[in-house]
Participant: 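Here it is, the structure, as structure tokens.
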Amino acid sequence: MSIKHILSAEWEGGNNAGGQSQLVLDNRNKTRKPSMYKVLMMNDDYTPMEFVVHVLQHFFNLSNSQANAIMLNVHQRGIGVCGIYSYEVAEAKATKVMEYARQNEHPLQLQLEKD
């Protein structure tokens with residue numbers, strides 16, 4: 001936000017002649033909400049369903065029933081939304097999940113898509 005300082009009194013010889021100053025806020029610059037991103041999980045033929053449910057519960061804080069519903073959606077439709085976050089959070093979650101999947105020898109893939 002830019003600030004303009006306006007003196008309401010006249011200046012004589014560089015001195016303020018007893019006037020008061022007034023602060024005016026210029027609110028032309030407005031903040032915008034950050035863009036949101038979907039974290040998408042892709043289906044594969046090798047990652048066990050139980051592992052997918054575990055990942056959804058642990059990394060996305062979903063209940064057992066929510067995780068199972070998303071897992072079934074991924075299994076049946078080939079893709080499912082794990083959650084919607086700011087870019088930084090979405091990227092961090094996707095990276096952590098894929099690292100965890102590799103540590104457990106699963107080819108699980110996640111992608112980000114602008115909401």
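Side-chain atoms are counted along with the backbone in the values below, which use heavy atoms only and exclude waters and symmetry mates.
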Participant: With rounding to the nearest 0.5 angstrom, report the CZ to CG distance, R77 to N43.
Facilitator: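 If I round to the nearest 0.5 Å, the distance is 13.0 Å.
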Participant: Please determine whether residues M42 and F59 belong to a single hydrophobic cluster, defined as Ile, Leu, Val, Met, Phe, Trp and Tyr linked transitively by side-chain heavy-atom distances below 4.5 Å.
Facilitator: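 The answer is no; the residues belong to distinct hydrophobic clusters.
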Participant: Please name the pair of heavy atoms, one in S86 and one in Y37, separated by the smallest distance, quoted to 0.1 Å.
Facilitator: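 Heavy atoms only, the tightest pair is C-CD1, 4.4 Å.
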Participant: Quick one: does H106's side chain get under 4.5 Å of V55's, heavy atoms only?
Facilitator: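 A side-chain contact is absent here, since even the closest heavy-atom pair is not under 4.5 Å.
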Participant: For L62 and Q57, work out which heavy atoms get closest and say how close.
Facilitator: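 That closest heavy-atom pairing would be O-CG, 3.4 Å.
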Participant: With a 4.5 Å heavy-atom cut-off, do M41 and V52 have their side chains touching?
Facilitator: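 Yes, side chains in contact.
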Participant: So how far is it from L56 CG to C82 SG, rounded to the nearest 0.5 Å?
Facilitator: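 Reported to 0.5 Å precision, the distance equals 5.0 Å.
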Participant: Side-chain contact, heavy-atom cut-off 4.5 Å: L112 with V39?
Facilitator: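 L112 vs V39: side chains touch.
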Participant: Taking all non-hydrogen atoms of both residues into account, name the closest pair between A90 and Y85 and its distance.
Facilitator: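 So the two residues come closest at N-CB, 3.8 Å.
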Participant: Mind checking whether L40 and L110 have side chains closer than 4.5 Å, heavy atoms only?
Facilitator: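 Of all side-chain heavy-atom pairs linking L110 with L40, none is under 4.5 Å.
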Participant: Are V97 and M49 connected into the same hydrophobic cluster when the rule is that any two of I, L, V, M, F, W, Y join if their side-chain heavy atoms are below 4.5 Å apart?
Facilitator: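 They do share one cluster, since a chain of ILVMFWY contacts under 4.5 Å joins M49 to V97.
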Participant: Rounded at 0.5 Å granularity, tell me how far NE2 in H75 sits from CG in D44.
Facilitator: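 Nearest 0.5 Å value for the NE2-CG distance: 11.0 Å.
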Participant: Compare all side-chain heavy atoms of M98 with those of L108 and state whether any distance is below 4.5 angstrom.
Facilitator: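 M98 vs L108: side chains apart.
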Participant: So, taking the atom named OG1 in T47 and the one named CE in M71, what distance separates them when rounded to the nearest 0.5 Å?
Facilitator: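 The CE atom of M71 is 12.0 Å from OG1 of T47, to the nearest 0.5 Å.
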Participant: Provide the closest heavy-atom pair for A101 versus F51 in the form atom of the first, atom of the second, distance.
Facilitator: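 What the structure gives for the nearest pair is CA-CZ, 3.8 Å.
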Participant: Donor-acceptor pair, distance only, cut-off 3.5 Å: does the side chain of N68 make one with the backbone of N64?
Facilitator: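 Indeed, once roles are kept as given, a pair shorter than 3.5 Å links the two residues.
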Participant: For the residue pair S35 and D115, establish whether any side-chain heavy-atom pair is separated by less than 4.5 Å.
Facilitator: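 Answer no - side chains too far apart.
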